[in-house]
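In what follows, a structure is listed as structure tokens, so that the remarks can point back to it.
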Protein chains: 2
Amino acid sequence: MNEAVVLTPERILEATEDVLRRYGLTKATVVDVARALDVSHGSVYRHFPSKASLRDAVAKRWLDRANEPLCKLAAGSGPAPERLEKWLRTAFTIKQKKVCDDPEMFATYLALAQGAREVVEAYKDKQVDLIAKILSDGVAQGEFEIDDVKTTARAVFDATVRYHHPAHAEEWAKPECPSRIDALIALLLRGVRVCKH
Amino acid sequence: MNEAVVLTPERILEATEDVLRRYGLTKATVVDVARALDVSHGSVYRHFPSKASLRDAVAKRWLDRANEPLCKLAAGSGPAPERLEKWLRTAFTIKQKKVCDDPEMFATYLALAQGAREVVEAYKDKQVDLIAKILSDGVAQGEFEIDDVKTTARAVFDATVRYHHPAHAEEWAKPECPSRIDALIALLLRGVRVCKH
DNA sequence: TCGCTGACAGATTTCAATATCTGTCAGACA
DNA sequence: TGTCTGACAGATATTGAAATCTGTCAGCGA
């Protein structure tokens, strides 16, 4: 093969995403990926021990990319309540946009994620850490009153499952959805804020 | 056929549940139901216009049965915060018990529910009404401070999706689950309670 | 030596023929 | 007269043979 174009895990992941986009998860095969890269499928197995590990690596890439804006928000500064609200709304919007823009791709992503438990678990833990960061900022600012920040962050995450877990994606397009999100965020903010009396 | 045993919708539903329990949703057919009742399958269509309507009727029966204890709790009296907590915990326990006791049957119920959107929607609305009842009791008792009871009830329902929606059933058995439920309930109660200062 | 190839075994998927099911209806039976 | 039957058409599910895929590895070529 052309020595200027070495076969790297990165290139394989790129090609795999292309193939997934083109054929969908059910139809995409390792042979397809190899063909797209113009190598034998044996070569792919030189870099990824199994199809499952390739699948997981693609899932991780996607999740990390999606997570980036949220990391920035959590790392930022400013009043914690506004930041928490913004963070949640951004989290919902990211997911929602993915569904609306390309439902087929989202179905692929969903199926992918369901098979990559560990990757998803790590991703969720990271999300909870981000929420915890904002909550503890809020406590430091005297805006929030929270016993156990980590536990409460988990509770906030759990409480918003409906708007970030793909299992509920069909509901996100409904017209009453935005006002329900407003109500949920208001309820959660009231649950962490210090009493204003 | 025996005139002492007339064919009623009730008997058909009974037989359908038996058949579902025995064969599972994917294998159960209208012919099976008819066979269990010792009638021709044409007779079943005299009482239910389609297999889907039969399916929906079974789903409604199940959901109504499951809902009964929750209706009683909501209709009861006593301090609203305790009642809300009890209501939520009971709702979770009912679902959890169904999963643990008979996972196979739960899978059937889940698939059934996914095909009976309208029935499930009505059931969920009823649940929200029950929460709203407790919340408005709490407002009357001076325990809760809530702008819009109905909207907040919906938010409480949404926030607890993780512990009553079957899509998350796998997570319910995890050891950290109870403490996460505790944290979530605490957060929500703080969100509706009047300030104690 | 090192990365890649291509053939292979066993597992999985496809496909088309076959069987079964859903929903209808004319007519039997009480 | 009204309920139930049983045969039927079209839709759906099953099945097993054939094709394809996954994962391995001996050996090729640089």
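Model, not experiment: these values are computed from the prediction. Chain A is the first sequence line, chain B the second, and so forth, proteins listed ahead of strands; every chain is numbered from 1.
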message = Across nucleotides 22-30 of chain D, 5' to 3', mark each nucleotide with B, S or - according to how protein heavy atoms within less than 4.0 Å reach it.
response = BBB------
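- The separation between B:Arg35 atom CZ and D:dT5 atom P is 14 Å, rounded to whole Å.
- Side-chain N/O atoms of A:Ser40 include one lying less than 4.0 angstrom from OP1 or OP2 on C:dT5.
- If you take OH of B:Tyr23 and P of D:dT14, they are 14 Å apart, rounded to a whole angstrom.
- A:Tyr163 does not carry A:Lys95 over the face of its six-membered ring by the limits of under 6.0 Å from the centre and within 45° of the normal.
- The NZ atom of B:Lys126 sits 5.5 Å away from atom CG of B:Asn67, with the distance rounded to the nearest 0.5 Å.
- A cation-pi arrangement is found for A:Lys98 relative to A:Tyr109, the charged atom lying closer than 6.0 Å to the ring centre and inside a 45° cone about the ring normal.
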Show the distances under 3.5 angstrom between N or O atoms of the protein and N or O atoms of nucleotides 12-14 of chain C.
unit_1 : atom_1 : unit_2  : atom_2 : d
C:dT14 : OP1    : A:Lys27 : NZ     : 3.2

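- Put simply, A:Ser43 has no side-chain N or O that comes within less than 4.0 Å of OP1 or OP2 on C:dG3.
- Using a 3.5 Å distance cut-off with no hydrogens or angles, the side chains of B:Asp32 and B:Thr29 do pair a donor with an acceptor.
- At most 12 non-hydrogen atoms from other residues, nucleotides or ligands lie less than 6.0 angstrom from CD of B:Glu118.
- A straight line from CZ of B:Arg55 to P of C:dC21 spans 18 Å, rounded to a whole angstrom.
- Rounded to an integer number of Å, the gap from CG of B:Leu25 to P of C:dC21 is 15 Å.
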